[in-house]
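Below is one structure; the comments refer to it alone.
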Amino acid sequence: MPDLHKKTRKLMLEHWQLYLLLLFPLINLIIFKYLPILGLQMAFKDFRVSKGMWDSPWVGLKHFQAFFTSPNFWAIIGNTVTISLYTIVAAFPFAILLAIGMNELSSARARKTVQFFTYAPYFISTVVLVSMMMQMFDPRIGILTRLLQLFGYRGDNVFGSATAFRHLYVWSGVWQQTGYNAIMYLAALTAINVELYDAAKVDGCSKWQRIWHVDLPGIQPTIIILLILNMGYIMSVGFEKVYLMQNPMNLENSEIIATYVYRMGLINSNFSFSTAVGFFNSLINLILMLSVNKAAQKVGETSLW
Amino acid sequence: MVSKHSFSDVSFDILNRIFMIASTLVVLYPIVYIISSSFSSANAIISGKVWLFPVEPNFNAYTAVFKNKQVLGGYMNSIIYTAGGTLISVVLTIAAAYPLSRKFLPGRKFFTAMFVFTMLFSGGLIPTYFVVRNMHLIDTRWAIVLPNALSIWNLMVTLTYFKTSLSEELFEAATLEGASDMRILTSIVLPLSQAIIAVIGLYYAIGLWNSYFDALIYLKSSDKFPLQIILRNILISNQADLSMGADMVAMARRQGMADVMKFALIVISSAPLLMVYPFVQKYFVKGVMLGSIKG
């Protein structure tokens, strides 16, 4: 044992430069990721800026109780989960269809062209994406508002409608991310053994049958793993896009945990309450991630780490 | 040889091509529409004449946008944040990935776990905000580039690359010749990893160029706002006055101008990405694949 220690110490001394190098990212990590975790104690205190974090009085689970019993609780959780599930249901089939379609194109150039264009929107910023939507659904000049009116739409502002919010959010996401999501499936498709295709041909399978009997089973593990991993994120809908699309008219459907934390904390200065809501959310996310990773391990011997 | 499925296969190919073309057009149309609108006249936009190509093409909106001090300032700020932030992020990522990729290093697993854990659990918005505040970084440019300098995802991609593409034998040979770890980094690791560094650098750069959240919560003075915040204020919150005027006719004209300027703003802010995208697209596809390999 002491021998081992000696060896370790010698290794560490020999490679001090590596530790020095590691120090810089580590300091960044400790300050900006680990110190905030210490700051979570605010959730159990009545934080006063004047007293500082450490001297504010403990109040136990008061803020958690306030959140759980608040009239908004179920609405906010419901909105968050609904947006996530709707996104999964809408996004998965399109990504798979696009990947299969690209895979079936006989010309490599055509495949690359389709991929080039469908992948492009992924790099558009959220602000620009929402701005594009607002321009196209503008009540005065929006081209899509005009199109809707042709089909008998009589409401004025699509963006002011609470029912439209979810559809706009989800389908603009499908527009932006399907090309990106398809990459994984396309890779899984190209990894399918060529012999399986040849065998299918010998058996007289049509292309339709080949997709059904070779392609889909071939990418099934990828589909299942990605589905499971996506379930790990159902409580963590991102702040940026929802916040930009939010307005007083659609708030009943667009208030999610992330925007609620922002509003209660940084706008209304309910720091402790907001921290408690965020902490609750982080805990749920952690539990979800650990469970889906377990599930993914069981299903496909793949895991995130 | 004509198979018994030839009819079904031909119909499949036709349907599939239609589906592929339709998908591409659906993705392209909004982009084309926005670009065309930005080059059209205010009248054409208000009367709804623009649907595919520019109508009464002109550059008025662009000249007007480029005269706007806010937009120019935002553009400059975004360039600063993107350039500076990318540099910091890439240096920190390599500084973490290189030591963590040396398999013999005592404590390697512990440190890796420390980085990965932050992907699973975080202090959340308010505690992070107070850390930044206590560091006196509120309303400074550092608040944009430091708190999220490290992307664990990019770190994992780099780490995986180092582990799989650089052999320990290479390092041992260099060590035998008396090269220090720093020396190995600068003369072996970095030259062999240019492609991966370029990819993560681009990921960081695009992330910085596109992000607005940190600026929204940490910045107060408008002379430090990045372009995305300016865009949001003008396009989404309608805070800025692209159309301030007294008499009705002038106001209507300005309103029309404001409409076109919004389209031009969208194009201008995305132009840098649109211009580099054709050259880097294939690396991004590879990057997505690299990320999926278990580290």
Side-chain angles (χ1 to χ4, degrees), chain A residues 8 11-12 15 17-18 21-22 24-25 28-29 31-33 35-37 39-40 42 98 101 104-105 114 116-121 123-125 127-128 130-132 134-136 141 143 146 175 183-184 187 204 206-208 239-240 244 261-262 265-266 271 274-275 278-279 282 286 289 305, chain B residues 4-5 8-9 12 16 19-20 23-24 27-28 30 33-34 45-46 48 51 92 95-96 98-99 102 104-106 111 115-116 118 120-128 130-131 147 149-150 180-182 206 210 212-213 217 228 231-232 235-236 259 262 266 269-270 273 277 281 285 288-289:
Chain A
T8 310
L11 258 177
M12 289 174 80
H15 294 282
Q17 288 184 337
L18 291 178
L21 211 51
L22 192 57
F24 293 95
N28 182 281
L29 193 76
I31 292 177
F32 293 110
K33 304 292 163 184
L35 280 187
I37 292 178
L40 280 173
M42 277 161 68
L98 181 65
E104 288 295 331
L105 287 174
V114 174
F116 179 85
F117 286 119
T118 53
Y119 186 24
F123 298 98
I124 290 176
S125 83
V127 177
V128 166
V130 176
S131 304
M132 285 172 70
M134 289 183 83
Q135 289 300 93
M136 298 181 84
I141 61 160
I143 188 161
R146 288 204 171 103
W175 177 80
I183 293 176
M184 292 291 244
S206 71
K207 287 195 172 179
W208 296 103
F239 171 91
E240 298 207 349
L244 291 174
V261 168
Y262 173 77
L266 291 184
F271 299 121
S274 176
T275 306
F279 187 21
S282 296
L286 178 66
M289 287 303 287
W305 52 86
Chain B
K4 60 176 175 167
H5 288 297
S8 132
D9 281 0
F12 172 87
N16 187 41
F19 172 53
M20 286 298 106
S23 307
T24 311
V27 167
L28 271 183
Y33 169 75
I34 299 278
I45 291 198
I46 292 172
W51 68 277
L92 285 181
Y98 170 57
R102 305 293 299 268
F104 59 85
L105 196 75
F111 291 123
F115 283 98
V116 172
T118 62
L120 293 173
F121 189 78
S122 74
L125 175 69
I126 305 298
T128 309
F130 276 97
V131 167
L150 270 169
S180 68
D181 288 320
M182 266 330 240
I206 288 172
N210 281 345
Y212 81 90
F213 184 61
I217 59 176
Q228 300 295 331
L231 271 184
R232 168 188 166 261
L235 289 162
I236 295 169
D259 287 328
K262 286 183 175 182
I266 292 176
S269 67
S270 313
L273 296 184
Y277 179 70
Q281 186 254 357
V285 174
V288 176
M289 299 320 302

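Everything quoted here is computed from the prediction, not taken from an experiment. In what follows, chains carry the letters A, B, and so on, assigned in the order in which the sequence lines appear, proteins first and then strands, with residues in each chain numbered from 1.
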Query raised in the report: Got B/T118 and A/F32 here, is their nearest side-chain heavy-atom distance under 4.5 Å?
Result: no
Query raised in the report: With chain B, which of A/F24, A/F279, A/Y262 has the greatest number of heavy-atom pairs at distances under 4.5 Å?
Result: A/Y262
Query raised in the report: Where is the tightest heavy-atom contact between B/L120 and A/M289, given as atom of each residue plus distance?
Result: CD2-CB, 3.9 Å
Query - Audit row: A/L18, B/F104, side chain to side chain contact (heavy atoms under 4.5 Å, CB included) steps and yes/no - result: CA-CA 11 Å; A/L18 291 178; B/F104 59 85; 4.2 Å; yes
Report task. List for me each residue that meets ring-ring contact (aromatic ring centres under 6.0 Å, His included) alongside A/F123, sequence neighbours excluded, and say none if there are none. Result -> A/Y119, B/Y277, B/F284
Report summary line: Under 4.5 Å to a heavy atom of chain A? For B/L273 that would be side chain
Query raised in the report: Are any of the side-chain heavy atoms of B/P127 and A/T275 separated by less than 4.5 Å?
Result: yes
Query raised in the report: How far does CZ of B/F19 sit from CG of A/L98, to the nearest 0.5 angstrom?
Result: 6.0 Å
Query - Contact winner vs chain A - B/P147, B/P30, B/A96, heavy-atom pairs under 4.5 Å - result: B/P147
Report task. Check whether B/Y212 gets within reach of chain A through its side chain, its backbone, both or neither, counting any heavy atom under 4.5 Å. Result -> both
Requested in this report: Could you have a look at B/L235, B/V131, B/D181 and say which one has the most heavy-atom pairs with chain A under 4.5 angstrom?
Outcome: B/D181
**Report entry** Under 4.5 Å from a heavy atom of chain A, the part of B/N16 involved
**Finding:** side chain
Report task. Could you check which of A/G278, A/G101, A/S274 has the highest count of heavy-atom pairs closer than 4.5 Å to chain B? Result -> A/G101
**Report entry** Greatest number of heavy atom pairs closer than 4.5 Å to chain A - which of B/G123, B/A149, B/S270, B/G124
**Finding:** B/G123
Report summary line: Closest heavy-atom pair, A/R146 versus B/I45, reported as atoms and distance to 0.1 Å, is NH1-O, 4.1 Å
Query raised in the report: At a heavy-atom separation under 4.5 Å, does A/M134 approach chain B through its side chain, its backbone, both, or neither?
Result: side chain
Report task. Give the intermediate values and the outcome of side chain to side chain contact (heavy atoms under 4.5 Å, CB included) for residues B/L105 and A/M12. Result -> CA-CA 7 Å; B/L105 196 75; A/M12 289 174 80; over 6 Å; no
Query raised in the report: What residue, out of A/P121, A/A120, A/G39, A/G265, has the most heavy-atom pairs lying under 4.5 Å from chain B?
Result: A/A120
**Report entry** Audit row: B/F12, A/S206, side chain to side chain contact (heavy atoms under 4.5 Å, CB included) steps and yes/no
**Finding:** CA-CA 9 Å; B/F12 172 87; A/S206 71; over 6 Å; no
Query raised in the report: If you take all heavy atoms of A/L21 and B/M182, which pair is closest and at what distance?
Result: CD1-CE, 3.8 Å
Query raised in the report: Distance from B/F111 atom CZ to A/L29 atom CG, nearest 0.5 Å?
Result: 11.0 Å
Query raised in the report: Between CD1 of B/I126 and CG of A/L40, what distance do you get to the nearest 0.5 Å?
Result: 11.0 Å
Report summary line: So, the part of B/L125 with a heavy atom under 4.5 Å from chain A: the answer is side chain
Query raised in the report: What residues, two or more places apart in sequence or in another chain, satisfy side chain to side chain donor-acceptor pair (under 3.5 Å) together with A/S125?
Result: B/Q228
Query raised in the report: For the atom pair CD1 (B/I236) and CG (A/L244), what is the distance rounded to the nearest 0.5 Å?
Result: 4.5 Å
Query raised in the report: Do you know which of A/V114, A/V128, A/I124, A/L266 has the most heavy-atom pairs under 4.5 Å to chain B?
Result: A/L266
**Report entry** A/E104 side, atom CD; B/D9 side, atom CG - distance, nearest 0.5 Å
**Finding:** 9.0 Å
Report summary line: Between the CD atom in B/Q281 and the CZ atom in A/F117, the distance rounded to the nearest 0.5 Å is 10.0 Å
Report summary line: If you tally heavy-atom pairs under 4.5 Å between each of A/K33, A/M42, A/H15 and chain B, the highest tally belongs to A/H15
Report task. Identify which part of B/S122 has an atom lying under 4.5 Å from any heavy atom of chain A, answering side chain, backbone, both or neither. Result -> both
**Report entry** Non-hydrogen atoms of B/L150 and A/P25 that approach each other most closely
**Finding:** CD1-O, 3.7 Å
